[in-house]
Amino acid sequence: VDDVLDYSGEHSGKTLAADLREGKLTLPLVLATRRDARLIELVRLIHAGDEEPIEFVRRRVVESGACGEARNRAAEYTARASSSLAVLPMSAARCLLERVAVELVERTS
């Protein structure tokens, strides 16, 4: 979810596209390049120090639906993790783990 906010979290307090600038290949970027291979060359340019295409790539990642898919995957993993916790006896620690997992996947900032 943190990687999604790097592309779409205008009100998150994060510098948008910081991961992209730093050369990090995050799930939203990978998904977007699978949908639009033309982004790969732009990403190479950015990683070589050209900042001009950053905003274009950021917008294309969001418009491609990659951020939504990454959020959906996070929700699926969270649901599986919560199910795994069900075998543990109810306790403050179990409740805390469940709540942290849900809050992380629902994070918008």
Side-chain angles (χ1 to χ4, degrees):
V1 173
D2 185 68
D3 295 342
V4 169
L5 294 176
D6 192 58
Y7 289 94
S8 63
E10 277 110 17
H11 305 292
S12 69
K14 290 182 67 169
T15 300
L16 287 178
D19 291 344
L20 182 60
R21 283 182 178 86
E22 294 172 13
K24 295 179 183 175
L25 297 177
T26 59
L27 183 58
L29 180 61
V30 170
L31 294 172
T33 58
R34 288 169 80 194
R35 293 177 178 144
D36 184 353
R38 296 171 297 173
L39 293 175
I40 294 170
E41 185 55 38
L42 295 173
V43 169
R44 284 188 181 124
L45 290 172
I46 293 166
H47 292 176
D50 184 354
E51 292 202 0
E52 186 177 329
I54 289 174
E55 182 55 25
F56 177 80
V57 171
R58 186 194 73 77
R59 274 195 327 271
R60 287 297 303 133
V61 169
V62 173
E63 292 167 358
S64 74
C67 291
E69 184 176 340
R71 273 194 178 277
N72 288 342
R73 287 187 186 194
E76 289 170 14
Y77 287 124
T78 299
R80 280 197 252 165
S82 293
S83 293
S84 296
L85 290 172
V87 299
L88 299 174
M90 189 54 71
S91 68
R94 176 181 156 186
C95 290
L96 178 63
L97 285 171
E98 289 172 339
R99 190 69 215 138
V100 166
V102 169
E103 286 180 15
L104 286 174
V105 81
E106 292 176 352
R107 185 174 160 211
T108 59
S109 61

Self-check item: Same cluster (ILVMFWY, side-chain, under 4.5 Å), Y77 and V102
Solution: no
Exercise. Find the distance between NZ (K24) and NE2 (H47) and round it off to the nearest 0.5 Å.
Key: 11.0 Å
Quiz item: What's the shortest heavy-atom distance between L16 and L5, and which atoms?
Solution: CD2-O, 3.7 Å
Exercise. Find the distance between CZ (R94) and OG (S82) and round it off to the nearest 0.5 Å.
Key: 9.0 Å
Quiz item: Is L20 close to I54 at the side-chain level, that is, under 4.5 Å between some pair of heavy atoms?
Solution: yes
Quiz item: Are I40 and F56 in one and the same hydrophobic cluster, where Ile, Leu, Val, Met, Phe, Trp and Tyr link if side-chain heavy atoms are under 4.5 Å apart?
Solution: no
Quiz item: CG of L97 to CZ of R99: how many Å apart, nearest 0.5 Å?
Solution: 12.5 Å
Exercise. Please say whether more than 12 non-hydrogen atoms of neighbouring residues, nucleotides or ligands are located less than 6.0 Å from CZ in R34.
Key: no
Run the side-chain donor-acceptor check on residues 68-75: report pairs under 3.5 Å with partners two or more places apart or on a different chain.
from : atom 1 : to   : atom 2 : distance (Å)
E69  : OE1    : R35  : NH2    : 2.1
E69  : OE2    : R73  : NE     : 3.4
E69  : OE2    : R73  : NH2    : 3.0
R71  : NH1    : V105 : O      : 3.1
R71  : NH1    : R107 : O      : 3.2
R71  : NH2    : R107 : O      : 2.6
N72  : ND2    : G68  : O      : 3.4

Quiz prompt | Heavy-atom closest pair, residues A66 and P28 | solution = CB-O, 3.2 Å
Quiz prompt | Shortest non-hydrogen contact from E98 toward L85 | solution = CG-CD1, 3.5 Å
Quiz item: Is any side-chain heavy atom of T15 closer than 4.5 Å to a side-chain heavy atom of R21?
Solution: yes
Exercise. State yes or no: do V4 and L25 share one hydrophobic cluster built from I, L, V, M, F, W and Y residues joined by side-chain heavy-atom distances below 4.5 Å, directly or via other members?
Key: no
Exercise. Among Ile, Leu, Val, Met, Phe, Trp and Tyr joined by side-chain contacts under 4.5 Å, find the other residues sharing a cluster with L27 and list them by chain and number.
Key: L31
Quiz item: In Å, rounded to the nearest 0.5 Å, how long is the span from CD1 of I46 to CD of E22?
Solution: 13.0 Å
Quiz item: Can you tell which of D36, L45, L39, V62 makes a side chain to side chain contact (heavy atoms under 4.5 Å, CB included) with V57?
Solution: L39
Practice problem: Using a cut-off of 6.0 Å, state whether more than 12 heavy atoms not belonging to E52 lie near its atom CD. | Solution: no
Quiz prompt | Heavy-atom side-chain proximity of D19 to D3 below 4.5 angstrom | solution = yes
